[in-house]
Visitor: 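Mind having a look at this structure? Questions to follow.
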Amino acid sequence: MKKILLILGALVVFLMPANAKVFKGKAMDTISTKNPSAEISVKSVRNFDMQGIQIKRGYILTGTMSDVVHPKKWHHNSSFTFTPKYYTDKEGNRHNIDKTIKATYRQKMKPDFKNSYISSGSFTFSPGYVIDTARVFKGEGKEVVDEYVNRTTPWGKGVEIEIKPKEKIYFNFSE
């Protein structure tokens, strides 16, 4: 009986909705935690209710990038906070946002093709292995080993955020 209650309790916790809304947009310019800019702009790709402010598809949300955290050991990736200051509608009208609304960058999982492999029986093929072997022959052996150790050990360093223009970006807005 205890096991059933424990399982039901775990399911309730995992299936409860989180108190955050996800904003999906496209970066208007480069967003980087290596070289953070004072102001960033993102274009909304769907309608979004931001604490009573209706951001329609195609509106450009502009604000400040703050609380930049650089990557750390133990694979802690970089992060930052976005505070919208105004939005521009499709007609080009600028609307100031008087409230202080903060959103955290939400990292989207990307497929890691370089570190993937295909195996059949005793045969294994990895695109990353071919690329790394070519780099070793070019004299980049130390860099290849450092990247491998960083990627495969638990104490490896996380990654910086590098978002190019027109690339998708996600933010978690608290309710």
Side-chain angles (χ1 to χ4, degrees), residues 18 20-48 50-51 53 55-90 92-116 127-128 130-132 134-136 138-175:
K21 290 183 178 180
V22 178
F23 172 83
K24 181 179 178 183
K26 286 188 179 181
M28 297 301 291
D29 37 52
T30 302
I31 299 172
S32 169
T33 53
K34 278 185 182 177
N35 303 313
S37 13
E39 193 172 81
I40 59 173
S41 297
V42 290
K43 186 175 190 175
S44 178
V45 296
R46 61 181 176 208
N47 294 343
F48 183 74
M50 187 175 61
Q51 295 183 5
I53 301 169
I55 304 296
K56 303 243 186 245
R57 183 175 188 247
Y59 284 16
I60 298 173
L61 199 57
T62 305
T64 58
M65 184 176 175
S66 60
D67 304 329
V68 176
V69 176
H70 295 285
K72 299 175 185 165
K73 288 186 176 183
W74 303 101
H75 295 282
H76 288 219
N77 293 338
S78 203
S79 65
F80 68 92
T81 302
F82 175 61
T83 308
K85 297 297 179 189
Y86 64 90
Y87 66 93
T88 309
D89 59 23
K90 292 179 183 176
N93 300 323
R94 181 177 160 166
H95 305 274
N96 290 329
I97 299 172
D98 298 327
K99 302 178 189 178
T100 301
I101 303 170
K102 292 191 175 200
T104 54
Y105 170 72
R106 179 175 182 236
Q107 195 164 19
K108 178 81 170 164
M109 295 302 290
K110 296 179 182 176
D112 189 8
F113 296 115
K114 183 180 177 192
N115 298 322
S116 62
V130 174
I131 293 167
D132 289 344
R135 287 179 58 199
V136 167
K138 289 180 185 175
E140 299 178 32
K142 182 181 179 331
E143 292 84 0
V144 170
V145 170
D146 289 345
E147 287 175 16
Y148 178 78
V149 167
N150 185 47
R151 185 172 64 234
T152 57
T153 58
W155 54 84
K157 192 174 180 186
V159 294
E160 293 277 0
I161 297 169
E162 291 288 328
I163 300 168
K164 297 176 180 74
K166 297 186 180 178
E167 195 173 316
K168 290 181 186 170
I169 186 168
Y170 299 86
F171 289 106
N172 282 342
F173 282 88
S174 58
E175 292 186 22

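Predicted model, so just to flag it, every value in this text is computed and none were measured.
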Visitor: Name all residues meeting the side chain to side chain contact (heavy atoms under 4.5 Å, CB included) criterion together with Asn93; count only those two or more places apart in sequence or in a different chain, and write none if there are none.
Guide: Asp89, Glu91, His95

Visitor: I need the Lys21 NZ to Gln51 CD distance, nearest 0.5 Å.
Guide: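 The CD atom of Gln51 is 8.5 Å from NZ of Lys21, to the nearest 0.5 Å.
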
Visitor: Is any side-chain heavy atom of Thr88 less than 4.5 Å from a side-chain heavy atom of Tyr59?
Guide: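 The answer is no; the side chains never approach within 4.5 Å.
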
Visitor: Can you tell me how far apart NZ (Lys43) and NZ (Lys168) are? Round to the nearest 0.5 Å.
Guide: 14.0 Å

Visitor: Kindly determine whether Phe82 and Lys102 satisfy side chain to side chain contact (heavy atoms under 4.5 Å, CB included), including the steps that lead there.
Guide: CA-CA 6 Å; Phe82 175 61; Lys102 292 191 175 200; over 6 Å; no

Visitor: With sequence neighbours left out, write down each residue that passes side chain to side chain contact (heavy atoms under 4.5 Å, CB included) with Thr33, or none if nothing qualifies.
Guide: Met65, Val68, Ser78, Phe80, Glu160, Ile161

Visitor: When you measure from the side chain of Lys90 to the backbone N and O of Arg57, does any donor-acceptor pair fall under 3.5 Å?
Guide: yes

Visitor: To the nearest 0.5 Å, tell me how far Ile40 CD1 sits from Asp29 CG.
Guide: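 It is 8.0 Å, given to the nearest 0.5 Å.
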
Visitor: In Å, rounded to the nearest 0.5 Å, how long is the span from NZ of Lys164 to CD1 of Ile169?
Guide: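 One finds 13.0 Å between NZ of Lys164 and CD1 of Ile169.
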
Visitor: Listed by chain and number, what are the side chain to side chain donor-acceptor pair (under 3.5 Å) partners of Thr81, not counting sequence neighbours?
Guide: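 In terms of side chain to side chain donor-acceptor pair (under 3.5 Å), with neighbours along the sequence ignored, Thr81 is linked to Asp67.
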
Visitor: Would you say that Pro165 contacts Thr30 through its side chain, given a criterion of any heavy-atom pair below 4.5 Å between the two side chains?
Guide: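 Pro165 vs Thr30: side chains touch.
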
Visitor: If the condition is side chain to side chain contact (heavy atoms under 4.5 Å, CB included), which residues does Ser41 pass it with, not counting sequence neighbours?
Guide: Met28, Ile60, Thr62

Visitor: May I have the step-by-step check of side chain to side chain contact (heavy atoms under 4.5 Å, CB included) for Phe171 and Thr104, ending in yes or no?
Guide: CA-CA 5 Å; Phe171 289 106; Thr104 54; over 6 Å; no

Visitor: Apply side chain to side chain donor-acceptor pair (under 3.5 Å) to Ser79 and list each qualifying residue two or more places apart in sequence or on a separate chain.
Guide: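 With neighbours one apart ignored, the set is empty.
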
Visitor: What distance do Tyr86 atom OH and Leu61 atom CG have between them, rounded to the nearest 0.5 Å?
Guide: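 Tyr86 atom OH to Leu61 atom CG measures 10.0 Å (nearest 0.5 Å).
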
Visitor: Inspect the surroundings of NZ in Lys99 and state if more than 12 heavy atoms from other residues, nucleotides or ligands are less than 6.0 Å away.
Guide: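 Correct, the count exceeds 12.
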
Visitor: Would you say the side chain of Lys26 lies within less than 4.5 Å of the side chain of Val42, judging by non-hydrogen atoms?
Guide: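 Val42 does not reach Lys26 side chain to side chain.
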
Visitor: Using the side chain to side chain contact (heavy atoms under 4.5 Å, CB included) criterion, which residues pair with Arg46? Sequence neighbours excluded.
Guide: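 Listed in chain order: Val22, Lys24.
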
Visitor: Taking the side chain as C-beta and beyond, is there a heavy-atom pair between Thr64 and Glu39 under 4.5 Å?
Guide: no

Visitor: Looking at side-chain heavy atoms only, is the closest gap between Ile31 and Tyr105 below 4.5 Å?
Guide: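 Side chain of Ile31 against side chain of Tyr105, heavy atoms only: no contact under 4.5 Å found.
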
Visitor: Compare all side-chain heavy atoms of Met50 with those of Phe23 and state whether any distance is below 4.5 angstrom.
Guide: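 Of all side-chain heavy-atom pairs linking Phe23 with Met50, none is under 4.5 Å.
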
